[in-house]
There are 2 protein chains.
Amino acid sequence: MTGTTTKKMNRGGEKIYQGLREDILCLRLKPGSVLDEAAIAARYAVSRTPIREAIIHLISEGLVERHGRVALVASLNFDNLPSIFDALLLSSRVVNREAACNRTREDLKNIRTKMLEFDRLCGDGSGVQRQDANLEFHMAIADAGRNEYFSSFYERMLLTASRLHQACFSNQVAAERSPEEQAELQQHLTATSQQHHRILEAIEARDADQADRLAVEHQELSFARLQNAVFGRNRDGFEAFSLAPEALGRR
Amino acid sequence: MTGTTTKKMNRGGEKIYQGLREDILCLRLKPGSVLDEAAIAARYAVSRTPIREAIIHLISEGLVERHGRVALVASLNFDNLPSIFDALLLSSRVVNREAACNRTREDLKNIRTKMLEFDRLCGDGSGVQRQDANLEFHMAIADAGRNEYFSSFYERMLLTASRLHQACFSNQVAAERSPEEQAELQQHLTATSQQHHRILEAIEARDADQADRLAVEHQELSFARLQNAVFGRNRDGFEAFSLAPEALGRR
DNA sequence: AGTATTTTTCTTGTATACATGAAAAACATT
DNA sequence: AATGTTTTTCATGTATACAAGAAAAATACT
């Protein structure tokens with residue numbers, strides 16, 4: 001017998017949770033839009049009960065907010081972009097450091113698998129798929145760090161950042177991209193992939209300082225692209241980067 | 001009209017959530033014990049629906065875990081004590097730094113209020129009350145840091161640590177304490193209170209480095225006491241403190 | 001007696017029905 | 001016509017009923 005998928009399919013609320021989460025992260029559900037329980041229940045062909053459970057789960061994950069009695073998809077105001085950057089940068093550094101110190105051989109295998117999956121999708125994947133593979137790669141690193149508290153914090157920040165990137169880039173379909181935009185995308189993907197490889201090397205070498213530095217670079221690359229998309233080429237008036245990169249010393 | 005408390009008392013699930021949370025944090029509900037929905041529903045004289053909502057909320061907060069279909073109060077295994085310490089130390093440092101940089105005059109007032117409340121309870125409060133006041137004091141600091149992501153991470157760690165302390169100290173009632181224990185407690189409370197005052201001073205002076213140092217001291221004091229309680233006077237075999245205290249440079 | 005199997009019970013997951021409060025729409029009044 | 005009031009509608013919160021699966025208990029068989 002297979003044992004896991006054969007006949008026990010209880011806790012269907014999890015399915016709805018996953019589905020809604022996907023929809024929110026891909027911005028198929030737009031920030032600020034209301035989550036109508038009845039409508040969702042109809043869409044998934046279940047009663048309202050599992051829907052409510054999923055919504056509560058999403059609320060405590062930060063992807064949904066309550067305004068009075070209605071549940072809204074969490075807004076994506078760019079006001080707190082500096083906060084997001086700070087938190088993502090710090091969590092990323094910590095997680096990569098810890099991974100470099102604590103990784104096992106199994107961890108390396110997992111990370112490499114995810115990394116190659118991302119590389120593969122750089123050729124023929126959709127933006128959503130790449131975003132997902134990217135997230136899995138970084139979470140594989142987080143798992144290697146062996147600290148569930150840092151991991152879950154990091155995951156939350158990655159999810160938040162993922163939505164931001166979706167909002168800035170993925171709204172235009174591939175077919176509608178201009179040649180320049182296409183070139184820029186490919187160049188960015190190549191750079192990202194290279195950084196992934198170097199990060200894995202550092203973790204494999206147990207070089208925490210190097211992993212830290214690379215994590216900073218990686219985050220800065222990612223956010224710099226975001227900044228350009230949001231504010232054009234203008235860097236002024238955007239005072240993120242409030243935590244010093246060269247901090248968080250060796251252990 | 002008062003507007004907030006007069007007649008709209010909907011979302012009773014929140015009440016149950018608060019109640020259960022209290023019970024878990026104070027260890028009235030022991031780690032590992034099962035949460036029987038029907039039983040709790042009877043206790044609170046409501047149906048199972050709001051109970052389930054509360055439980056889901058608690059699960060995503062880390063205070064309750066699912067094992068198969070049953071919900072258990074999150075276990076307090078001391079295996080991951082190093083993880084907890086690392087995460088608490090780092091979040092504490094960051095939050096105190098940020099508070100020192102971003103605090104307003106209102107923030108200072110809030111922090112001072114909470115601080116004095118804690119001091120008051122050092123004289124004639126229960127362990128639970130003090131723990132609560134302590135948490136509110138530190139969360140007031142976190143609020144002053146103006147980064148909701150760091151704040152919520154910090155809160156989670158404070159909650160976890162709070163349960164640990166309850167587990168180690170609060171299980172013995174005040175009446176049962178020996179004179180030596182009583183003296184040790186008072187000495188600890190005095191030291192804690194003094195650190196609070198110095199932390200507030202540093203934040204008021206916008207001295208981020210000092211706030212950082214004091215946060216480290218504060219956490220080490222707290223955890224050293226925990227260690228003594230858990231492992232006696234023996235510090236060996238307990239390899240927490242894995243993140244260097246003198247890290248996370250200035251901004 | 002010990003173990004395997006069946007039956008029973010109990011707890012959770014889901015659906016539906018009802019209550020309540022809020023927003024919107026219709027109406028009336030100035 | 002504009003505004004204030006009333007009514008209606010609709011979404012959410014809660015309760016209850018039912019279904020299903022798992023643990024426990026009882027029975028039967030070796």
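Residue numbers start from 1 in every chain, and the chains themselves are labelled A, B, ... in the order their sequence lines are given, proteins ahead of strands. Because the structure is predicted, anything quoted here is derived from the model rather than measured.
- Ring centroids of His196(A) and His138(A) are separated by less than 6.0 Å, placing the two rings close together.
- When the C1' atom of dT12(C) is taken as reference, atom CD of Glu14(A) falls 15 Å away, rounded to whole Å.
- Listed pair Arg66(A) / dG13(D) meets the phosphate criterion, a side-chain N or O lying under 4.0 Å from OP1 or OP2.
- Between Asp124(A) and Arg120(A) the shortest side-chain heavy-atom distance falls below 4.5 Å.
- The distance between atom CZ of Arg69(B) and atom P of dA23(D), rounded to the nearest whole Å, is 9 Å.
- Between Phe85(A) and Phe223(A), the gap from one ring centroid to the other is short of 6.0 Å.
- Each of Val70(B) and Arg48(A) lies near DNA chain C, and the nucleotide nearest Val70(B) is the one positioned closer to the 5' end.
- Whole-Å rounding puts the Tyr44(A) OH to dA15(C) C1' distance at 19 Å.
- At dT14(C), none of the side-chain N or O atoms of Ser47(A) fall inside 4.0 Å of OP1 or OP2 (strictly under the cut-off).
- In this structure, Leu72(A) atom CG and dA11(D) atom P are separated by 15 Å, rounded to whole Å.
- When rounded to the nearest whole Å, the span between CG of Asp36(A) and C1' of dG13(D) equals 15 Å.
- Distance Ile51(A) CD1 to dG13(C) C1': 14 Å, rounded to the nearest Å.
- Of all nucleotides listed (dT12(D), dT12(C), dA15(C)), dT12(D) comes nearest to the side chain of Glu37(A).
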Exercise for review: Please assess Lys30(B) against Leu76(B) for the test side chain to side chain contact (heavy atoms under 4.5 Å, CB included), listing each intermediate value before the final yes or no.
Suggested key: CA-CA 9 Å; Lys30(B) 293 214 178 77; Leu76(B) 265 188; over 6 Å; no
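- We find that NZ of Lys15(A) is positioned 15 Å from C1' of dG13(C), with the value rounded to whole Å.
- Counting any heavy atom pair closer than 4.0 Å across all strands shown, Leu35(A) reaches sugar-phosphate atoms only and no base atom.
- Distance NE2 (His67(B)) to C1' (dT11(C)): 17 Å, rounded to an integer number of Å.
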